[in-house]
Amino acid sequence: MDIYEKIISLAKRRGFLYPSYEIYGGEAGFYDYGPIGVLMKNNIENRWRQFYLIKERFFEISTPVITPYNVLKASGHVDEFIDEIATCQKCGASFKIEDLENEHCPICKGNVEKGKLNLMFETFIGAKKKEKAFLRPETAQGIFINFPFLYEFYRKKLPFGVIQIGKGFRNEVSPRQGVIRLREFSMAEAEIFFEPNNKKHPKFKEMENEKLKLITEKDEEIFISIGEAVNKKIIGNEALAYYMALTKKFLIDVGIDENKIRFRQHKKDELAHYANECWDAELYSERFGWVECVGIADRSAYDLKAHMEYTGVDMRVFKKYEMPKKIKKKIIKPRMDKIGKKYKEKTKEIIKKLKEIEIKEKIEKLRIKIGEEEIELDKELFEIEEVEEVISGEKFIPHVIEPSYGIDRIFYFILEHNYKEIEKEGEKYVILSLPASIAPIKVGVFPLVNKDGLPEIAKEIEEDLRKNNIIAFYDDKGSIGRRYARMDEIGTPFCVTVDYQTKNDDTVTIRFRDTTEQIRIDRKEVPTWIANKL
RNA sequence: GCGGGCGUGAUCUAGCUGGUUAGGAUGUGAGCCUUCCAAGCUCAAUGCCCGGGUUCGAAUCCCGGCGCCCGCACCA
């Protein structure tokens with residue numbers, strides 16, 4: 001059995017993960033989180049909030065999974081997600097149609113069959129009059145389309161960030177490798193809006209010495225501080241670099257092995273349609289090699305611009321100059337009475353066109369195009385006037401930096417990186433060395449033996465811990481060693497044991513998962529002691 | 001999606017050249033025992049992925065589906 005098989009087996013046996021719909025034969029690309037798995041997944045997401053909501057001061061929103069057609073048409077997903085593919089009927093190989101030179105398979109010259117590959121799940125809104133829709137392929141669009149509200153909420157100041165944790169859906173061609181490639185998955189995304197020419201982060205100074213292992217676009221591997229990487233223009237801007245370093249900190253915090261993290265830059269041809277620079281945090285698996293778990297992308301103005309063009313809603317922000325600029329310019333003042341009389345219903349269109357024309361020199365005649373028709377305006381139909389205009393600022397579409405985390409993959413890697421097998425009296429013994437903050441169950445509470453009032457005291461302690469919002473687990477089955485082993489296997493960091501000494505001096509032992517060492521403390525201090533370790 | 005391998009209680013597996021009640025280990029439950037690391041004893045529950053075919057008879061052979069794994073393709 002290799003590490004992946006061991007983990008999947010453990011995960012199923014101990015209630016972390018179950019294959020979805022198993023009694024119906026299973027469904028590829030879907031996994032259920034069991035009782036222990038949900039506790040751990042929630043802990044990962046809450047640690048993520050600790051970083052982004054608490055420390056970065058971003059607010060979280062929650063938007064629908066079902067997304068109308070137009071939204072994803074505008075964002076480019078409808079066109080970019082539905083690939084035209086060709087499949088060879090002879091050898092079975094598939095190609096993108098644009099890679100095909102003629103109607104024959106480039107490998108075996110067999111005939112090809114053309115078809116569509118739809119990566120988004122389709123659905124419909126409404127029972128009678130059906131509007132086409134999709135399950136969202138990313139949570140980000142929900143944030144972008146709320147930009148005008150959010151900009152108002154943040155009192156019209158850049159930069160600001162908005163986060164969302166939720167489900168995303170991609171109808172993968174062939175999902176495999178368990179929770180690594182799912183059709184329905186959890187993602188945690190932050191969208192941070194910047195002025196296009198000022199992608200600096202206020203806390204960059206604190207982070208600039210953080211070192212990252214980078215694989216650049218040219219496939220060079222370097223170990224470099226983010227400060228230096230930005231200086232040398234290896235990473236495009238401070239904001240990207242900051243969130244890369246923050247991502248590393250987060251991953252280590254939730255239990256990822258520091259030596260198994262690297263950041264790989266997307267090459268030009270693998271960039272998503274919306275991104276102009278992207279770094280993936282990749283984690284190393286003994287089974288799968290390096291796997292992308294976080295994408296940190298500079299999406300530029302792509303999304304806001306797309307929604308603005310599609311809906312006509314202004315997604316621009318206004319920035320005041322420090323000193324208002326005064327400029328002189330010539331404008332066209334149309335003689336409305338004359339134009340109206342001459343062109344009647346076309347007047348509106350003509351005025352609109354005139355506003356777009358820039359005047360530099362004196363002119364006698366104006367030529368404009370309305371549809372196919374060319375119209376010439378004589379000089380008695382307009383006047384040229386020189387005016388002084390005060391411009392107090394400018395409007396622009398903000399740029400977006402987006403760290404996007406695949407929660408399920410991180411979940412798997414935490415298990416893999418913390419899975420330890422040791423020998424204990426000749427037998428295989430499994431310990432999951434999860435960080436206390438991530439551990440599904442925080443503390444096991446046991447009576448040393450099942451008599452003489454010890455179980456009652458242990459139950460009181462468990463109750464006491466739960467009153468303090470600590471997930472504690474009471475167990476009196478089997479021997480004490482077996483109970484410790486059960487807790488070690490699901491990563492419970494501490495076990496409290498009530499013994500005969502407890503009856504004399506009201507102290508209990510606390511046993512540490514990774515060292516099996518024990519200390520003795522007053523039983524009343526147990527909840528506070530545990531809480532301080534989480 | 002194509003090709004190959006595989007599918008036995010919750011887990012790991014024996015059986016698979018067709019033939020009694022499908023065997024073991026781990027785990028689980030009940031009870032006994034037990035003064036700190038998967039001890040022991042007694043008892044119990046839980047299984048041949050689904051469907052069709054061949055046959056007197058299928059876990060076993062054949063076909064289809066589903067799932068898992070590997071390779072190719074795909075992974076915005």
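The basis for the numbers below is simple: all heavy atoms, side chains too, and nothing from hydrogens, waters or symmetry mates. Quick caveat, the model's predicted, so the values are computed rather than measured.
Checking U11(B), G3(B), C36(B) against the side-chain heavy atoms of Arg176(A) singles out G3(B) as nearest. Picking from C36(B), U28(B), G1(B) the nucleotide with the shortest atom distance to the side chain of Leu448(A) gives C36(B). Taking the side chain of Lys477(A) as heavy atoms from C-beta on, and the options U35(B), C36(B), G31(B), the nearest nucleotide is G31(B). Here U11(B) is the nucleotide among C37(B), A38(B), U11(B) with the atom lying nearest to any side-chain atom of Ser9(A). When the nucleotides C70(B), C74(B), C36(B) are ranked by their closest atom to the side chain of Val173(A), C74(B) comes out on top. Which of U28(B), G1(B), C37(B) sits closest to the side chain of Arg486(A) comes down to U28(B).
Under the 3.5 Å distance criterion, the side-chain polar atoms of Thr507(A) are left unmatched by any main-chain donor or acceptor of Asp522(A).
Atom name P, nucleotides C69(B) and G64(B): the rounded distance is 22 Å, in whole Å. Here the separation of G57(B) from A38(B), taken at their C1' atoms, is 44 Å to the nearest Å. Separating the C1' atom of U54(B) from that of C61(B) is a span of 8 Å, rounded to the nearest Å. Between the P atoms of G18(B) and A58(B), the separation comes to 13 Å (whole Å). With P as the reference atom, G24(B) and C43(B) are 13 Å apart, rounded to whole Å. One P atom belongs to G1(B), the other to G19(B), and the distance between them is 36 Å to the nearest Å.
Going from atom OH of Tyr18(A) over to atom C1' of G67(B) covers 19 Å, rounded to whole Å. Put simply, CD on Glu489(A) is 13 Å from P on C12(B), counting in whole angstrom units. Distance, Lys12(A) NZ to C68(B) C1': 10 Å, rounded to whole Å. Between Arg482(A) atom CZ and G29(B) atom P the separation is 10 Å, expressed in whole Å. Here U11(B) presents its P atom at 14 Å from OH of Tyr4(A), a figure rounded to the nearest Å. In this entry the distance linking CZ of Arg483(A) with P of U28(B) reads 12 Å, nearest Å. One interatomic measurement links the two molecules: CD of Gln518(A) to P of C37(B), which rounds to 9 Å at whole-angstrom precision. Separating the CZ atom of Arg183(A) from the P atom of G1(B) is a distance of 8 Å, rounded to the nearest angstrom.
Cation-pi contact between Arg511(A) and Tyr484(A): present, with separation from the ring centre below 6.0 Å and deviation from the ring axis of at most 45°. Tyr69(A) does not carry Lys132(A) over the face of its six-membered ring by the limits of under 6.0 Å from the centre and within 45° of the normal. Stacking of Arg262(A) on the aromatic ring of Trp290(A) is recorded, both the 6.0 Å distance cut-off and the 45° axial limit being met.
In this structure, His77(A) and Tyr274(A) have tilted ring planes: the angle between them lies in the 30° to 60° band.
Heavy-atom distances to RNA chain B give each of Val498(A) and Ser479(A) a nearest nucleotide, and the one nearer the 5′ end belongs to Val498(A). Residue order along RNA chain B, read from the 5' end via each residue's closest nucleotide, puts Ser174(A) first among Ser174(A) and Glu292(A).
Between the side chain of Arg511(A) and the base of C37(B), a donor-acceptor pair under 3.5 Å is found. No donor-acceptor contact under 3.5 Å links the side chain of Tyr24(A) to the base of C66(B).
The minimum heavy-atom distance between Trp279(A) and Thr216(A), with the atom names listed, is CH2-CA, 4.3 Å.
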